[in-house]
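Contents: one structure, followed by commentary.
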Amino acid sequence: MPDRTESESRKLLRRLRDTLAEPGAGQERLDRITHLIADSMRSQVCSIYLFRDDETLELCATEGLKPESVHKTRMRLGEGLVGRVAKTSTPINTANAPAEKGFRYMPETGEEIYSSFLGVPIQRLGEKLGVLVVQSKQARLFSDDEVYALEVVAMVLAEMTELGAFIGEGEALSALHQQPVLYRGATGQEGAAEGRVWLHEPRVVITNPVGDDPKKERARLKEAVDQLRFSVDAMLTMTDGQDKEQSQVLEAYRMFANSRGWMRRMEEDIARGLSAEAAVEKEQSAARARLESVPDPYLRDRLHDLDDLSNRLLRILTGQGADTGAEMPENPILVARNIGPAELLDYGRKLSGIVLEEGSVGSHAAVVARALAIPLVIHAERITTEALNGDAILVDGDQGVVHLRPEETVAAAFRDKIAMQAEAQSRYASLRDLPATAKCGTTVALLMNAGLMADLPSLVGSGAEGVGLFRTELQFLIRAHVPKRGELAEIYAGVLDAAHGKRVVFRTLDIGSDKVLPYMKRVEEPNPAMGWRAIRVALDKPGVMRMQLQALLRAAKGRPLSVMFPFIAEFDEFRAARQMLLDEVKRERQLGHQLPGALEIGAMLETPSLAYAPDAFFELADFVSIGGNDLKQFFFAADRENEQVRRRYDMLNASFLTFIRRIVERCGEARTDLSFCGEDAGRPIEALCLAALGLRTLSMRPASIGPVKHLIRRIDLTELRGVIDRECASGVTNVRAGVMGWLSKQDI
Ligand code: PEP
Ligand code: MG
């Protein structure tokens, strides 16, 4: 890098900083900046375009173009050269702008006489803020160093924009982090909540992007990197290679922390005038930009590691820890890129809602949020760059929508919705101790799904008759190591204690697919949902399931015990799993341990194949429980994790109902109890239809028990069965419309 440009860009940055330090309103500052850049880069034009909204850029300041065009000239993302820079987040450098693809002539600016064009994106950690442009009459390409210098200036501008340097009288920009923003994500857990933002990892704020003394900045960077290396080494020593997965991540951290290329790039940034923290952030931005275009999951993970490492480094440099000392607001709504299940459990029920940028319906965080019944919205893209601690926020888990800093009218409508839900819940509370007996006299047992001790208090509050599905994998997911038998036995005993004699159906470990244990060796599979999961893992590697079965038998302490095996696809699997349990019973007896007072062994029907198993299967199983989430995904071949298809098919599809009816018949013929424990059991209309088809046990999230019971008590299931049968016979694809039509005439 030639010395001349090096000192030029530093000089430019210093002038920029001095300009920013001078008092003045937002517009005045922007004007001064464009003047300064044009002057320093010896170009006739310098313009700053900033985003008005997600799609529109506006000329906010210019030196050289007609002043009347400021705040008038606008372009859409992707339109013209400026729009292209913004869209692609890459600079355009050309000696002949009018000949460039996409060039747009804007007469109001007098632009056509400028031949050279250099535009660079103004962005901060991947957040697009605008475009910085210089133009000159002379047809020339800008040198690499000039491009670099302008990029660095753009970065400082982005940093200052973030700090609100351009807001004030004569407002150039709409104030950042003050406008209402709507996020359309996806539902992770239903429910609505109003509260204040609590950032899981508050953003590091850089107040000094420009470095005065490169030597000093280099020394600061080196010291921080040394500290970082030291802490990564210490973490590695602590894990001592026991935890392979974690060690791998730390090894990757160490690799980056020792990476000469990373260090060299940051030192170059410092040489060009940035402070140590701005240099770290510049490289972090570059890594994020790469992250967006890398399809390979392994590489993406590594770039994520680098991003995390940069965050650590920034925290060391700025002294801003994750714990900023900020007080948690009332009704905190946690906002994060992602969060692990154990961290989420640490927050526990303190949270009113959760909003994540990443995550999936089956992610561990979603599983925990569901267990704690905290509304969760996932895929709220970029919310962590926009939200500030303490911002007002509304989470609509039913619609997968988040309103950040909502308008008062939106907030008022939202509050009405919450109030209505609360009112309905209190109405349902009066039904708590009444049975779900329909007008025709049929009674349906309503049980709840659970997975953590934290769920158990709902057993009393919801009026559930027991736990129809206890997902045992949650206890495994929230730990860094495989839990010990004694520990598990204690937890299971605690669950039975809390149930006070009500039935609890323990489902053995359902891991694999979306539920990957942090300490389990990850097996890369092309299609994990149909891969080596649940009972398949347990039968191939029986050690953990044996231990779990022993823990369950011991936890019962003479009380009745119900165990069911997940994801049984054929009779032999059930037979083998059941035998394993009976072997453990024998062993416990030989050891002289107390045995459960009664033992029920069931299977989950989650693949269509099991519905066609031999009669002997239905006769041998003490009960069958339909795992509707998986069954539906395999019946319709629609991935339950894939937002594009997961809502495409409906449980009230006539083919699916015909299929359910067949399962009911088969269980009826064998006199085997049948229940349904997928999410659909908790949706009132779906639950009614399941009951009408003959299901006598439904297991659902606790909050659904009230609404489902209320509806069942008000209708005649035999009549509804008639409606469904007639609808199916009429050839409709889906019976929902017919069922809703009939329901609208009932007194509900
Ligand atoms: C199901 O598949 O419906 C089910 C209850 O199990 P899980 O959601 O835990 O896979
Ligand atoms: Mg399942």
Side-chain angles (χ1 to χ4, degrees), residues 187-190 341 359-371 373 376 446-452 455 464 466-478 504-517 527-538 548 562-569 573-574 577 602-611 623-642 646-647 649-651 656 659-660 663 674-683 686-687 690 695 697-702 704:
T187 298
Q189 159 70 16
E190 282 107 352
S360 65
V361 228
S363 66
H364 306 165
V367 165
V368 172
R370 224 167 285 150
L376 162 68
L446 304 183
L447 284 76
M448 63 174 247
N449 295 343
L452 296 168
D455 291 315
V467 177
L469 165 66
F470 190 88
R471 292 179 161 105
T472 59
E473 59 276 6
L474 293 203
Q475 297 294 345
F476 286 73
L477 284 170
I478 58 176
V504 178
V505 181
F506 290 96
R507 174 184 65 194
T508 61
L509 208 52
D510 181 3
I511 46 167
S513 182
D514 55 305
K515 299 165 192 150
V516 181
L517 300 184
N527 192 343
M530 294 204 238
W532 196 55
R533 56 174 286 202
I535 200 67
R536 301 172 183 180
V537 179
Q548 188 185 26
S562 302
V563 176
M564 70 178 171
F565 297 108
F567 212 62
I568 300 285
E573 287 171 345
F574 178 65
M604 283 189 80
L605 196 157
E606 304 189 88
T607 62
S609 61
L610 197 64
F623 64 94
V624 170
S625 188
I626 298 177
N629 305 334
D630 274 313
L631 186 63
K632 215 163 74 176
Q633 103 166 319
F634 296 115
F635 188 80
F636 291 110
D639 188 343
R640 66 191 262 192
E641 291 280 314
N642 182 339
R646 73 185 200 91
R647 278 184 237 266
Y649 305 98
D650 185 337
M651 200 210 86
F656 191 68
F659 182 55
I660 297 281
I663 300 169
L674 175 65
S675 60
F676 189 106
C677 62
E679 297 305 317
D680 282 328
R683 304 201 168 97
E686 280 82 339
L690 287 168
L695 275 131
T697 306
L698 301 176
S699 192
M700 60 197 76
R701 62 191 185 107
S704 296

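All residue numbers refer to positions in the sequence shown, counting from 1. Order of listing sets the numbers, starting from 1, for every ligand and every atom in it.
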Should [X] and [Y] count as side-chain neighbours, where that means a heavy-atom distance under 4.5 Å?
X: Met604; Y: Cys677; result: yes
X: Ile535; Y: Glu606; result: no
X: Phe656; Y: Met651; result: yes
X: Arg471; Y: Asp455; result: no

What is the name of the N/O/S atom of Asp630 that is nearest to the Mg ion (ligand 2)?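 It is OD2 of Asp630.
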Find, among atoms of Glu606 that are N, O or S, the one nearest to the Mg ion (ligand 2), and state its name. OE1
Hey, does the side chain of [X] reach the backbone of [Y] with a donor-acceptor pair shorter than 3.5 angstrom?
X: Ser675; Y: Leu698; value: no
X: Glu473; Y: Asp510; value: yes
X: Gln633; Y: Arg640; value: yes
X: Gln548; Y: Leu509; value: yes

If the cut-off is 4.0 Å to any non-hydrogen atom of [X], which atoms of ligand 1 fall inside it?
X: Asp630; result: 1 (C), 2 (O), 3 (O), 10 (O)
X: Glu606; result: 1 (C), 2 (O), 4 (C), 6 (O)
X: Gly628; result: 3 (O)
X: Gly678; result: 3 (O)

Does ligand 1 come near enough to [X] that some N or O of the ligand is less than 3.5 Å from an N or O of the residue?
X: Glu473; result: no
X: Arg533; result: no
X: Leu469; result: no

Examine all N, O or S atoms of Asp510, backbone included, and report whether one is under 2.8 Å from the Mg ion (ligand 2).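 It does not: Asp510 brings no N, O or S atom closer than 2.8 Å to the Mg ion (ligand 2).
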Which bit of Arg507 is near ligand 1, meaning a heavy atom under 4.0 Å away: side chain, backbone, both or neither?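 Contact part for Arg507 vs ligand 1: side chain (C-beta onward).
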Give the single entry among Asn449, Asn629, Asp680 that approaches atom 1 (C) of ligand 1 most closely by any heavy atom. Asn629
Mind checking whether Arg640 has a heavy atom under 4.0 Å from ligand 1?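 Arg640 counts as a contact of ligand 1 under the 4.0 Å cut-off.
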Please confirm whether Glu679 approaches ligand 1 to less than 4.0 Å, judged on its heavy atoms.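 Contact check Glu679 vs ligand 1: negative.
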If you measure from CZ on Arg507 to OG on Ser625, what distance do you get to the nearest 0.5 Å? 9.5 Å
